[in-house]
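Since the structure comes first, as structure tokens, the remarks are kept for the end.
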Protein chains: 2
Amino acid sequence: MAEQTQKKPSRIQQRNRRKILDAALDVFSAHGFRGATLDQIAEQAGLSKPNILYYFDGKEEIHVTVLSQLMETWLDPLAGLDPEGDPLTEILTYVQRKLEMSRDLPRESRLFANEILQGAPRMDPHLRADLKPLFDARCAVIQAWMDAGKLAQVDPRHLIFSIWATTQHYADFQAQIDVLLEGQEPTDAAAQFLQTMFRNLLTPGPNTTPA
Amino acid sequence: MAEQTQKKPSRIQQRNRRKILDAALDVFSAHGFRGATLDQIAEQAGLSKPNILYYFDGKEEIHVTVLSQLMETWLDPLAGLDPEGDPLTEILTYVQRKLEMSRDLPRESRLFANEILQGAPRMDPHLRADLKPLFDARCAVIQAWMDAGKLAQVDPRHLIFSIWATTQHYADFQAQIDVLLEGQEPTDAAAQFLQTMFRNLLTPGPNTTPA
DNA sequence: TCGTGTATTTACCAAATGGTCAAAAACAAG
DNA sequence: CTTGTTTTTGACCATTTGGTAAATACACGA
């Protein structure tokens, strides 16, 4: 059966589960949970619907599995922020990595956005268990940098929010951006803009927040 | 019938259409188009399902109507940006207004986000017809301000994107933010942060973009 | 090659859902 | 009250969709 409690998954099982999860990422990210159908996932995966339900207990389980896997990938850049590195460089690198993820993994970004938009019904536990601790830890690191005078004083929490918002925007609102930037040079102006914005924000100098 | 080609709508008709559209905003913004059901909308509106279909031709038409109405509200702040005003003040005021809209009209923000996330299937025409021209016009205004040396030189298009992204983030990702900021002082730190960020970005000074 | 557990398909089902229709209320005007 | 119009409803319908059961095909080690 598929419910092997501890058996090693056969090669064919691994392959099919991967195909299903990849198809599910496609479909869920494009239509949301309720908008996606098992038939669509089945077709995309090149398998029959009952066959898919042979590998997963139901639509819900597929969705949860995809979201769980996504979580790791998604937290990776933030987790990679090095408390020992140069503060400004670390943050600007983080911005850059997030921006690249929007480019290279738009499906993942949209899937995540979809889930949060609906109130994170299935992801809330993950957010509390995985994201929250990491978020708090990174806020503390950034705060320490600021206290040491290595960065301008701003609210670390909203700094992170603004990084997420601006970078993920390019994946999540791509349809809008395509309309607004139609036919314009594909220069990577976004990267340059964001680097400038966050550098200016974080560089301690004459423009710092008034006490 | 409801299909009066030019007749004035009766008072009861106006009232019911409004109830339906408000209920639809609730339901669509919370579950997306496919996730929303006519029964949910009917219940929320306090009407029966057939009665709803007496006022609207179908689910699709309700959705389109809500989106169209939303468009005006949504473009209003950008349209209100005054080319004659003080550049920095104008933009910072715009940021503030957009942030307030995220607070006061989160349903609208999420409905919009949902639609764009799905690739703007029903809104694409509106984007091209209404948003695009306004966007181009405002970009030109901002560019002129920069050329006159009244603002630091950055890409106006990405400036606007970043304003949208950061402000709407507070409505669209509220579920996530609630988890991450749980139990923290409800100070309006977001407003202060964003004002600082965009002021530092746009104030011509030592931290300007390198030529 | 054979047998056994694995994988896949065919044929279904029940619930949900968008939508219809005719008739009943409700209502307005004379 | 009566008549003509607008509004509302109850009873249905067809399709979609998540899911199941049983039968069939397949892989692969003995």
Could you tell me whether the side chain of M197(A) reaches within less than 4.5 Å of the side chain of N200(B), counting heavy atoms only? no

For D188(B) and Q192(B), does a side-chain donor sit closer than 3.5 Å to a side-chain acceptor? no

Could you give the [atom1]-to-[atom2] distance, from [X] to [N], as a whole number of Å?
X      : N       : atom1 : atom2 : result
Q40(A) : dT17(D) : CD    : P     : 7 Å
R15(B) : dT6(D)  : CZ    : P     : 17 Å
I52(A) : dT20(D) : CD1   : C1'   : 15 Å

Under 4.0 Å: is that the gap between some side-chain N or O of [X] and OP1 or OP2 of [N]?
X      : N      : value
N51(B) : dT9(D) : yes
Q13(B) : dT6(D) : no
S48(A) : dT9(C) : yes
Y54(A) : dT8(C) : no
N16(A) : dT8(C) : yes

Counting only heavy atoms not in E43(B), do more than 12 fall under 6.0 Å of its CD?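 No, not enclosed.
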
Could you list the residues that satisfy ring-ring contact (aromatic ring centres under 6.0 Å, His included) with Y94(A), not counting sequence neighbours?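 Partners of Y94(A) by the ring-ring contact (aromatic ring centres under 6.0 Å, His included) criterion come out as none, since no residue qualifies.
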
Mind listing the N/O atom pairs, protein and nucleotides 16-27 of chain C, below 3.5 Å?
from: dT17(C); atom 1: OP1; to: R34(A); atom 2: NH2; distance (Å): 3.0
from: dG18(C); atom 1: OP1; to: A36(B); atom 2: O; distance (Å): 3.3
from: dG18(C); atom 1: OP1; to: K59(B); atom 2: NZ; distance (Å): 3.0
from: dG18(C); atom 1: OP2; to: L38(B); atom 2: N; distance (Å): 2.9
from: dG18(C); atom 1: N7; to: K49(B); atom 2: NZ; distance (Å): 3.0
from: dG19(C); atom 1: OP2; to: K59(B); atom 2: N; distance (Å): 2.9

Report the C-alpha distance between R18(B) and D22(B) in whole Å, list the side-chain angles of each, state the deciding distance to 0.1 Å, and finish with yes or no for salt bridge (charged side-chain N to carboxylate O under 4.0 Å, His left out). CA-CA 6 Å; R18(B) 203 169 2 192; D22(B) 187 68; over 6 Å; no

Classify the ring geometry of H169(A) against F161(B): parallel below 30°, tilted from 30° to 60°, perpendicular beyond 60°. tilted

